[in-house]
Novice: 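Structure below; questions to follow.
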Amino acid sequence: MDRIWDKLEHRFASVKERSIISLFDQPDRFETFSAEADDLLLDYSKTNIDADTLALLTQLAQQTGVEAKRDAMFAGEKINTTEDRAVLHTALRANTTTPLIVDGEDVRPGIARTLERMEQFVTGIHSGKITTPGGKRFTDVVNIGIGGSDLGPAMATLALAPYHSGPRCHYVSNVDGAQINDTLRTLDPATTLLIIASKTFTTIETMTNAQTAITWLRAAVGDGFAGHLAAVTTNLEKSAQMGIDPARVFGFADWVGGRYSLWGPVGLPIMLAIGPQHFREFLTGARAMDTHFQTAPLDRNLPVLLGLVGIWHRNLCNYSTRAVLPYDQRLSRLPAYLQQLDMESNGKRVATDGQILPRNSGPIVWGEPGTNGQHAFYQLLHQGTEVVPAEFLIAAQGHEPRLQDHHDLLKANCLAQSEALMLGRPFDEAAEIAADLGYSGDALTAQAHQRTFPGNRPSVTLAYPKLTPFVLGQIIALYEHRVFVEGAIWGLNSFDQWGVELGKDLARALLPMVQGADASDKDGSTRGLLGKLST
Ligand code: F6P
């Protein structure tokens, strides 16, 4: 295994000074270093990867067993070893005649039944057949959840705004009372449905927000409050204890990881927003990406290629972050969603065998939509001392044909940024600009340095015809599998999240101290801050 890494390092050393633009001397570089799957095109030609490097990277994928690990995941093997669980979010969108066995049971009938129940519920609400106990239509839905029970549905609901046909959907996640206060204050409890979404039904933020929302409902509608509740969870016992009618509880199994869960009941608010038909199209898009991931050759396989580009940038080029830059305002929550998907999955320093990893794993993922980011942090992307590989997303068409001029500007800006990152502006050209502006001597040199762009900064672009439910399903599944590929190469378990536990334990212990209990065993800073924050 080390030999392939050695070869890659050797390769990197021999090409690292080369300019990316020089690779376009090969006339079909774009065609060769891009790949398509249904409605998605991945262009990775603006990276320093050439045919020899790609061959080594695909060998790395082979030698680290990416294909065998992928097949084990799809087959329902318990690849989440630290939690002894299968990883089968793909089953929620599968349409297979082959049984999917977990712990001796075919999971397909249960998934189909739950999807049907969700559809009946959503259709009932849309048609007005299911109303509030007071006989009114539900106008608003508040999803109370956090992490995987919030980020995916919130992101997808916004992304699919042109398809909204149901009640308005709102999301409350933060335990900060400001969020629930500001959300509920705009709503009429008599026509609001609360969805309490928590895989475990123990998460303190969600349980606290749920109690506050139930109190708000109760004060307005009295004993009929239960008719305004639904739940999404694996913990049916706990949801029953909260008084939620089992007929309004949509269950799922522990082999669906929280951050991979929007394809099933956690996607209920998405389905309420866009309707069952569009939700099915969303699942179909993800399924198309699953099939592509399982069948396309490695060097034409989008999740594998995106993963290998990630490995090249993280482990060979040593870039510590990557920016996700959707030129699609409706994907403005995609970076936040990907932060959980990627960083909670691959932000780890221990391999599946318990040994410390020999090399860096998951990078820091961040981003904002274009063009907003251009007027904020792109300065650093172009001229900062850190190189940040960028990932652009752009549609050929917007949903606003009357505003074609806007979309043309959006596309021009997206293409301009990846071009500018790659080409830069050499010193001589910057000096000419400075001279034209009237500078001379030392002042000209200083100005020219300020106006020089080093360039040679890599990016990939994901292009698609339009942000439809199908395309969104493809994009999310692509990123899920990219995380899988990278995690498999690093040899870590992408499906646990032990790193979130310590803070939770300490918060539990600190709560009484915040409320006045003795804190003398705490460190000086914590004690000092407790004093300063006491009310
Ligand atoms: O604390 C992290 C985490 O466990 C995430 O993995 C999960 O998505 C989130 O909390 C919410 O968990 P739950 O859906 O069980 O409330």
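Being a predicted model, the structure only gives us computed values, none of them experimental. When reading the values below, keep in mind they use all heavy atoms of this one structure, side chains included, and skip hydrogens, waters and symmetry mates. Position 1 is the first residue of the sequence, and the numbers go up from there. When a ligand or atom number is given, it counts from 1 through the structure's own listing order.
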Novice: I need the nearest protein heavy-atom contact for atom 4 (O) of ligand 1: residue, atom name and distance, please.
Specialist: K504 NZ, 3.9 Å
Novice: Please state which part of T200 comes within less than 4.0 Å of ligand 1, counting heavy atoms only: side chain, backbone, both or neither.
Specialist: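 Contact part for T200 vs ligand 1: both backbone and side chain.
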Novice: In terms of atom number and element, which parts of ligand 1 are under 4.0 angstrom from non-hydrogen atoms of Q340?
Specialist: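 Per the distance check, 5 (C), 6 (O), 7 (C), 8 (O).
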Novice: Any Lys/Arg nitrogen of K78 or D103 sitting under 4.0 Å from an Asp/Glu carboxylate oxygen of the other?
Specialist: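 The answer is yes: the pair qualifies as a salt bridge.
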Novice: Should R508 and D505 count as an ion pair when the cut-off is N to O under 4.0 Å?
Specialist: yes
Novice: Closest non-hydrogen protein atom to atom 11 (C) of ligand 1, residue and atom name please, with distance?
Specialist: I146 O, 3.2 Å
Novice: Cation-pi between R85 and F495: NZ/CZ under 6.0 Å from ring centre and within 45° of the ring axis?
Specialist: no
Novice: Does a side-chain heavy-atom distance below 4.5 Å link D188 with D140?
Specialist: no
Novice: Among all protein heavy atoms in this structure, tell me which lies nearest to atom 12 (O) of ligand 1, with the distance rounded to 0.1 Å.
Specialist: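 In this structure, atom 12 (O) of ligand 1 has T203 OG1, 3.5 Å as its nearest protein heavy atom.
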Novice: Backbone N or O of A488 within a donor-acceptor pair of the K69 side chain at under 3.5 Å?
Specialist: yes
Novice: Could you find the nearest protein heavy atom to atom 2 (C) of ligand 1 and give me its residue, atom name and distance?
Specialist: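 For atom 2 (C) of ligand 1, the nearest protein heavy atom comes out as E344 OE2, 3.5 Å.
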Novice: Look at atom 8 (O) of ligand 1 and say which protein heavy atom is nearest, naming residue and atom and giving the distance to 0.1 Å.
Specialist: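 So the nearest neighbour among protein heavy atoms is G148 N, 2.7 Å.
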Novice: Taking the non-hydrogen atoms of E501, is any one of them nearer than 4.0 angstrom to ligand 1?
Specialist: no
Novice: For F121, give me all partners under ring pair (Phe, Tyr, Trp, His ring centres under 6.0 Å), at least two apart in sequence or on another chain.
Specialist: F250
